[in-house]
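Everything below concerns the one structure shown next.
As the structure is a prediction and not an experimental result, all values here were calculated from the model.
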Amino acid sequence: MRRGERPVREVAVALPSTAAPVDEPQAAPADAPSEEPPAVAAMGGRPSPSASASAKPRVKPSRTSTAPLARPKPPTETQVPPAPPKPVENGCKPSYRGTKASQSQVKAALADAAARTYWPTSAPDIRIPPALLKATAWQESGWQSNIVACDGGVGLMQVMPATAEWMNQRFGQSYDIDAYRDNAYLGGTYLAWLTKYIGDMYFESDYRLDASLCTAELNSCLLNAVIAAYNYGHGAVAREDQPLAIPNPQYVRNVRALMTECECLSF
């Protein structure tokens with residue numbers, strides 16, 4: 001959850017005392033990147049680098065095109081995550097705290113996070129592809145659950161504490177940013193929120209994070225927009241009365257490549 005081409009981070013903001021109705025996440029039934037995040041700068045490798053929901057699901061309009069709207073609709077989510085902070089200094093090395101989870105533990109946590117239904121009431125069809133969660137975690141931290149970046153990003157999904165606090169309030173949760181399973185849920189929650197926010201504005205509530213809907217133009221699909229916003233913030237990607245923007249193209253290309261080529265997919 002960082003900005004890639006010179007990372008910036010999210011800072012805390014005051015939230016309204018009266019929260020909008022929340023969708024509480026539910027578990028599903030049992031049945032060589034070129035941008036280097038500060039958190040992994042010292043690793044040697046480069047798996048490089050934050051209106052209220054309606055009470056009932058909305059009926060999606062039929063669309064003749066999967067391309068984003070040139071002029072977006074007003075956002076339906078009026079409570080938004082904290083804005084990114086200033087970049088950190090070059091040369092800073094990450095620190096570590098706690099015990100590092102094993103690859104098998106991380107794999108299980110990411111799979112569980114991908115299986116959750118984050119918007120069970122207003123958008124139950126929002127699902128986060130497992131490959132997207134795995135690739136994002138690899139890009140952000142190299143699957144190091146105990147790493148802390150110089151800019152404050154924590155753990156597996158490099159979640160900022162202020163962003164974690166905001167998401168816990170928005171979704172009525174109490175995830176612990178330092179617990180690797182909860183960190184995976186926080187990353188999945190943020191991806192799900194971005195899917196809803198951008199999907200409502202530009203894609204008429206078509207929430208498919210499907211690579212087959214993308215063209216050579218990076219701003220052609222929701223998947224690329226969500227990846228970009230996870231790294232650079234929703235406000236740099238989805239702007240009222242402006243076309244969809246991809247301010248960090250290399251980051252998006254990195255994650256998209258990792259979704260099919262990452263060594264983590266075989267863990």
Side-chain angles (χ1 to χ4, degrees), residues 1-3 8-26 50-61 63 67-85 116-128 157 159-175 177 185-209 219 221-248:
M1 285 179 210
R2 69 186 70 253
R3 297 184 80 163
V8 292
R9 280 294 189 171
E10 293 137 17
V11 295
V13 295
L15 293 174
S17 58
T18 56
V22 300
D23 281 89
E24 182 174 339
Q26 296 178 350
S50 288
S52 305
S54 59
K56 297 180 181 179
R58 292 181 296 164
V59 177
K60 295 183 178 60
R63 304 186 70 207
L69 299 173
R71 186 186 180 96
K73 296 182 177 181
T76 56
E77 280 287 297
T78 55
Q79 296 184 65
V80 297
R116 295 172 81 82
T117 301
Y118 290 94
W119 295 86
T121 301
S122 58
D125 52 336
I126 290 180
R127 308 299 290 221
I128 308 303
M157 302 298 293
V159 182
M160 283 296 293
T163 307
E165 181 180 359
W166 178 85
M167 286 191 291
N168 277 333
Q169 292 182 7
R170 174 63 187 86
F171 287 89
Q173 299 296 313
S174 56
Y175 294 134
I177 196 173
Y185 297 152
L186 284 165
T189 301
Y190 190 41
L191 288 168
W193 185 88
L194 292 167
T195 300
K196 180 75 162 58
Y197 185 82
I198 301 172
D200 286 346
M201 286 183 68
Y202 289 91
F203 296 90
E204 298 191 289
S205 303
D206 181 350
Y207 303 124
R208 289 176 292 171
L209 298 174
N219 65 348
C221 62
L222 182 57
L223 174 61
N224 288 349
V226 168
I227 293 171
Y230 189 92
N231 168 245
Y232 226 70
H234 72 282
V237 175
R239 305 161 298 169
E240 292 190 53
D241 297 320
Q242 297 293 321
L244 191 67
I246 305 294
N248 48 351

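- Nearest heavy-atom pair, Leu194 versus Ala229, reported as atom, atom and distance to 0.1 Å: CD2-CB, 3.7 Å.
- Nearest heavy atom pair, residue Ile177 against residue Ala164, reads CD1-CB, 4.0 Å.
- The two atoms that bring Met167 and Val159 nearest to each other are CE-CG1, 4.4 Å, heavy atoms only.
- Using cut-offs of 30° and 60° for the angle between ring planes, the Tyr175 and Tyr185 rings count as tilted.
- Scanning all heavy atoms of the two residues, the minimum distance from Pro120 to Pro124 falls at O-CB, 3.8 Å.
- Using a distance-only test at 3.5 Å, with no hydrogens or angles considered, no donor-acceptor pair links the side chain of Trp119 to the main chain of Lys196.
- Listed for the Trp166 side chain is no donor-acceptor partner under 3.5 Å among the backbone atoms of Pro82.
- Put simply, CD on Gln169 and OG on Ser174 are 12.0 Å apart, with the number rounded to the nearest 0.5 Å.
- Electrostatic pairing of Asp241 and Arg71 counts as a salt bridge here, judged by a charged N lying under 4.0 Å from a carboxylate O.
- Side chains of Trp193 and Val80 form a contact here, defined as non-hydrogen atoms less than 4.5 Å apart.
- Going from atom CD of Glu77 over to atom OG of Ser122 covers 7.5 Å, rounded to the nearest 0.5 Å.
- Between the Asn219 side chain and the Ala245 main chain, no donor and acceptor come within less than 3.5 Å of each other.
- Heavy atoms only, all atoms of each residue included: Ala225 and Ile246 are closest at CA-CD1, 3.9 Å.
- For the pair Leu191/Tyr118, no side-chain contact is recorded, criterion being any heavy-atom separation below 4.5 Å from C-beta on.
- Side-chain atoms of Asp206 do not come within 3.5 Å of backbone N or O of Gly199 as any donor-acceptor pair.
- Side-chain contact between Thr189 and Gln173 is absent, with no heavy-atom pair separated by less than 4.5 Å.
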> Given the rule in the side chain to side chain contact (heavy atoms under 4.5 Å, CB included) test, do Leu186 and Met157 qualify, once you have shown the distances and angles that lead to the verdict?
Replying inline: CA-CA 8 Å; Leu186 284 165; Met157 302 298 293; over 6 Å; no
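- Remark: Met201 CE to Lys73 NZ distance equals 11.5 Å, nearest 0.5 Å.
- A heavy-atom distance below 4.5 Å is found between the side chains of Phe203 and Leu244.
- A heavy-atom distance below 4.5 Å is found between the side chains of Pro81 and His234.
- The shortest distance between side-chain heavy atoms of Arg127 and Tyr207 does not fall below 4.5 Å.
- Closest of all the heavy-atom pairs between Leu209 and Thr195 is CD1-OG1, 3.6 Å.
- Between Asn224 and Val226, the closest side-chain pair of non-hydrogen atoms is not below 4.5 Å.
- With hydrogens and angles ignored, the 3.5 Å screen pairs a side-chain donor or acceptor of Asp23 with a backbone N or O of Thr121.
- Using a 4.5 Å cut-off on side-chain heavy atoms (C-beta onward), Pro25 and Thr117 make no contact.
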